[in-house]
Asks: 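Structure provided below as structure tokens; questions to follow.
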Amino acid sequence: MQWNGIVANSLTYPFLLKACHCLKMVEMIHTQMEKNGFFSDIFVPNALIDNYSKFGALGVKAALRLFMVMGDRDVVSWNSMVGGLLRVGELREARKLFDEMPERNIVSWNSILNGYVKEGKLEEAFELFENMPQRNIVSWSTMVMGYSKACDMDMARALFDKMPIKTLVPWTIIISGYAEKGFAKEAIALCDQMLQDGFELNDGAIISILAACAESGSLAVGVKVHDSIERHKVRCSIAVCNALVNMYAKCGSLDRAWSVFNGMSKRDVVSWNVMLHSFAVHGHGKEALHVFKRMKKEGFNPDRVTFVGVLCACSHAGLIDEGIQCFYTMEKDYGVVPGIEHYGCMIDLLGRGGRLKEAFMLVHSMPFEPNAIIWGTLLGACRLHGATELAEKVRDHHKLDHSDPGNYSVLASIFAAAGDWDGVSTVRLRMKSIGVQKPSGASSIEIDNEVHEFTVFDRSHPNFDSIYQMVHRLAQDLKRVVHPKDATLLVEAMF
DNA sequence: TTAGGGTTAG
């Protein structure tokens with residue numbers, strides 16, 4: 001392999017491999033390496049295993065083939081192979097290989113530990129963690145992460161507090177964990193403590209915490225992080241600004257999102273996509289389309305995500321014809337081939353607009369197998385327009401995801417809205433008989449840095465009585481100001 | 001070779 005007269009050697013190959021962006025390139029370099037006999041250095045095949053594994057199941061298969069024929073293997077070869085299997089979710093195969101390893105180092109243990117944690121198998125992970133011959137900061141962080149993702153913040157915190165040494169990463173994990181679950185007070189207190197201990201937020205930490213805030217709507221934590229950035233007069237990277245815009249928009253503060261966006265000296269396509277989508281989901285279709293125009297004017301090429309935003313904007317603003325026009329010209333004008341996500345937007349657009357037959361036809365004519373999201377979108381549109389017959393057609397379709405309880409409850413609500421109580425009980429019985437349970441939907445609101453969550457039949461809130469008195473009063477007021485039929489629907493939706 | 005990271009259709 002030669003480039004500008006410079007011949008690659010065993011030292012340059014790992015770098016070349018790292019730069020590969022597809023399986024074919026790795027294969028090409030592999031062939032060259034074999035021709036040139038560079039396999040005498042063990043780090044060459046090790047780098048190959050590692051880089052093959054980046055490319056999905058096929059890549060891992062290729063890595064495994066190479067691993068099997070390798071004469072010499074060191075602990076890194078084994079670790080890379082175990083890591084590759086874990087990357088494609090082959091936990092059992094990875095464990096088998098781990099058990100066969102002639103020697104293991106801390107990386108081997110941490111990799112397999114992470115494998116269990118990623119699969120949510122925390123009991124097995126904890127057992128492994130307790131029996132490890134040695135633990136380091138990565139092992140501890142992995143466990144904190146595992147419990148945090150499993151919403152067991154007490155266990156996550158107990159382990160975090162026990163950690164012999166802490167770095168910025170575990171601090172970020174625990175703060176993000178609290179923020180993601182809406183425990184703003186804990187997240188803020190830990191943020192303060194971390195800064196007091198002399199840790200400074202870096203890009204990674206900021207983005208993680210802001211993403212968690214966006215997830216739960218923890219505006220207070222997001223503002224805290226933003227303040228801390230401004231106090232330290234750190235110049236925000238584009239990624240951090242994008243995360244800020246996203247956080248503010250997801251927390252309902254569109255004006256602050258807009259102000260951060262406008263204050264950015266440099267933007268990338270993600271910045272535009274975030275802003276566009278934020279306007280779209282808040283129902284500001286016209287503003288979203290204006291952002292789209294501006295991004296083109298400033299020389300940015302719209303990508304597939306951009307068009308999800310544009311179509312979503314048209315859908316939420318009732319701009320049906322604009323949406324259709326955009327959908328049918330996006331490939332010709334911008335070279336973006338409509339993917340299933342764009343068809344999803346179109347079905348939503350047509351469905352919300354009451355053009356259910358067209359939506360249905362599109363589902364049948366699109367070049368993709370409809371997935372649960374597509375059917376769900378169609379069902380939602382049927383509910384909106386009380387189209388029971390069409391909804392039944394959707395339900396009978398074999399591709400409807402019967403393991404997704406959400407689809408059943410949408411179907412039940414369609415029947416309920418149409419006054420078909422037999423239909424409702426049939427669906428409910430079916431759910432019971434096949435054992436699907438609908439996870440209860442929750443609403444949350446942040447007051448004084450605390451997120452309060454409410455679910456159906458949940459009476460655990462300390463101010464339950466006064467809250468529901470207020471809800472009843474609102475229901476009465478609604479009945480006075482809107483059409484009785486709409487009021488009944490709204491009040492039903494409230495309970 | 002191991003732990004955290006921005007946008008994506010209901």
Side-chain angles (χ1 to χ4, degrees), chain A residues 43 46-47 49-51 53 74-84 86 105-115 117-118 135-146 148-149 163 167-177 202-212 214 236-247 249-250 268-278 280-281 303-309 311-312 315-316 338-349 351-352 371-381 383-384 401 404 406-407 410:
Chain A
F43 60 84
N46 283 353
I49 292 178
D50 208 39
N51 287 287
S53 306
D74 64 3
V75 67
V76 178
S77 335
W78 285 87
N79 286 346
S80 299
M81 203 53 252
V82 169
L86 288 173
N105 61 13
I106 184 75
V107 177
S108 334
W109 284 94
N110 287 339
S111 300
I112 199 76
L113 187 69
N114 190 37
V117 162
K118 283 261 157 75
R135 298 174 198 135
N136 66 4
I137 180 82
V138 177
S139 340
W140 283 90
S141 306
T142 304
M143 289 312 293
V144 173
M145 182 73 208
S148 169
K149 282 272 175 258
M163 286 178 82
T167 62
L168 191 56
V169 174
W171 275 105
T172 310
I173 292 171
I174 194 85
I175 295 171
S176 305
N202 64 9
D203 276 19
I206 295 170
I207 292 168
S208 300
I209 299 171
L210 290 178
C236 275
S237 66
I238 297 182
V240 165
C241 288
N242 292 346
L244 271 171
V245 174
N246 182 47
M247 179 277 295
K250 291 268 162 67
D268 61 10
V269 68
V270 177
S271 327
W272 291 97
N273 287 349
V274 172
M275 200 60 241
L276 199 163
H277 196 260
S278 302
V281 293
D303 63 9
R304 27 193 327 119
V305 179
T306 314
F307 283 102
V308 170
L311 295 173
C312 181
S315 178
H316 285 259
I340 191 159
E341 66 274 35
H342 303 110
Y343 278 90
C345 295
M346 280 306 288
I347 289 151
D348 186 51
L349 179 100
R352 271 180 207 265
N371 57 20
I373 296 178
I374 299 286
W375 291 122
T377 309
L378 206 52
L379 274 176
R383 175 171 62 168
L384 191 67
D401 186 355
D404 181 357
N407 280 336
V410 171

Asks: Would you mind telling me which of B/dA9, B/dT1, B/dG4 lies closest to the side-chain atoms of A/Val76?
Replies: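 Per side-chain heavy atoms of A/Val76, the pick is B/dT1.
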
Asks: Measuring to OP1 and OP2 of B/dT7, would you say a side-chain N or O of A/Arg304 lies under 4.0 angstrom away?
Replies: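 Indeed not, no polar side-chain atom of A/Arg304 lies that close.
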
Asks: Flag the pair A/Leu311 / A/Leu349 as yes when at least one side-chain heavy-atom distance between them is below 4.5 Å, and no otherwise.
Replies: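 A/Leu311 does not reach A/Leu349 side chain to side chain.
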
Asks: Send over the distance from A/Trp375 CH2 to B/dG10 P, rounded to a whole Å.
Replies: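 Between P of B/dG10 and CH2 of A/Trp375: 17 Å.
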
Asks: When we call it a touch if two heavy atoms are under 4.0 Å apart, what does A/Gly204 touch: a base, just sugar-phosphate, or nothing?
Replies: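 The residue A/Gly204 makes base contact.
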
Asks: Mind checking if A/Arg135 touches a base, just sugar-phosphate, or nothing, with heavy atoms under 4.0 Å?
Replies: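 Result for A/Arg135 = nothing.
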
Asks: Select base, sugar-phosphate, or nothing to describe what A/Val107 touches, counting heavy atoms under 4.0 Å on all strands.
Replies: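 Counting heavy atoms under 4.0 Å across all strands, the contact made by A/Val107 includes a base.
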
Asks: What's the closest nucleotide to the A/Thr172 side chain, out of B/dG4, B/dT2, B/dA9?
Replies: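 Taking heavy atoms from C-beta onward, the closest nucleotide is B/dG4.
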
Asks: Among residues at least two apart in sequence or on other chains, which ones pass salt bridge (Lys or Arg N to Asp or Glu O under 4.0 Å) with A/Arg352?
Replies: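 With sequence neighbours excluded, A/Arg352 shows a salt bridge (Lys or Arg N to Asp or Glu O under 4.0 Å) to A/Asp348, given in chain and number order.
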
Asks: How would you label the contact of A/Ile238 with the nucleic acid (heavy atoms, under 4.0 Å): base, sugar-phosphate, or nothing?
Replies: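 Base contact.
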
Asks: Using the side-chain contact (heavy atoms from CB on, under 4.5 Å) criterion, which residues pair with A/Cys312? Sequence neighbours excluded.
Replies: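 Listed in chain order: A/His277, A/Ala280, A/Val281, A/His316.
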
Asks: Do A/Ser111 and A/Asn114 have side-chain N/O donor and acceptor atoms under 3.5 Å apart?
Replies: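 Side-chain D/A pair, A/Ser111 to A/Asn114: absent.
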
Asks: Please state how far atom CE in A/Met247 lies from atom C1' in B/dT7, giving the value in whole angstrom units.
Replies: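 Computing the A/Met247:CE to B/dT7:C1' distance gives 15 Å.
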
Asks: Once you apply a heavy-atom cut-off of 4.0 Å, does A/Thr167 come out as touching a base, just sugar-phosphate, or nothing?
Replies: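 Base contact - A/Thr167 has a heavy atom under 4.0 Å of at least one base atom.
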
Asks: May I ask you to say what A/Thr377 touches in the nucleic acid, namely base, sugar-phosphate or nothing, with a heavy-atom cut-off under 4.0 Å?
Replies: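 Sugar-phosphate contact only - A/Thr377 comes under 4.0 Å of backbone atoms but never of a base.
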
Asks: How long is the line joining CE of A/Met81 and C1' of B/dT2, in whole Å?
Replies: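 Atom CE in A/Met81 sits about 16 Å away from atom C1' in B/dT2.
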
Asks: Between B/dA3 and A/Lys149, is there an OP1 or OP2 to side-chain N/O distance shorter than 4.0 Å?
Replies: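 No, outside the criterion.
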
Asks: Could you give the CD1-to-P distance, from A/Ile374 to B/dT8, as a whole number of Å?
Replies: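 So the CD1-P distance, A/Ile374 to B/dT8, works out to 17 Å.
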
Asks: Remember a base hit wins even if backbone is also touched, and classify A/Asp268 as base, sugar-phosphate or nothing at under 4.0 Å, heavy atoms.
Replies: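 Base contact.
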
Asks: Between A/Lys118 and B/dG4, is there a side-chain N or O to OP1/OP2 distance below 4.0 Å?
Replies: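 Yes, within the criterion.
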
Asks: Checking all strands, does A/Ile112 fall into the base, sugar-phosphate, or nothing category for heavy-atom contacts under 4.0 angstrom?
Replies: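 Touches nothing.
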
Asks: Given the structure, check if the side chain of A/Thr142 and the base of B/dA3 hold any donor-acceptor pair shorter than 3.5 Å.
Replies: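 No.
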
Asks: Once you apply a heavy-atom cut-off of 4.0 Å, does A/Asp74 come out as touching a base, just sugar-phosphate, or nothing?
Replies: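 Nothing, no heavy atom under 4.0 Å.
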
Asks: Regarding A/Ser53 and A/Asp50, is there a side-chain donor-to-acceptor distance under 3.5 Å anywhere?
Replies: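 There is no such pair between these side chains.
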
Asks: Looking for any heavy atom pair under 4.0 Å, which part of the strands does A/Ile373 touch: base, sugar-phosphate only, or nothing?
Replies: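 Touches a base.
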
Asks: Base, sugar-phosphate alone, or nothing: which one does A/Ser111 contact when heavy atoms must sit under 4.0 Å apart?
Replies: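 If one applies the 4.0 Å heavy-atom cut-off, A/Ser111 turns out to touch the sugar-phosphate alone, with no base involved.
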
Asks: So does A/Asn110 get a side-chain nitrogen or oxygen closer than 4.0 Å to the phosphate oxygens (OP1/OP2) of B/dA3?
Replies: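 Checking A/Asn110 against B/dA3: no side-chain N or O falls below 4.0 Å of OP1 or OP2.
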
Asks: Over all strands shown, is A/Ile209 touching base, sugar-phosphate only, or nothing at heavy-atom distances under 4.0 angstrom?
Replies: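 No contact.
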
Asks: Among B/dG10, B/dA3, B/dA9, which nucleotide sits nearest the side chain of A/His277?
Replies: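 That would be B/dA9.
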
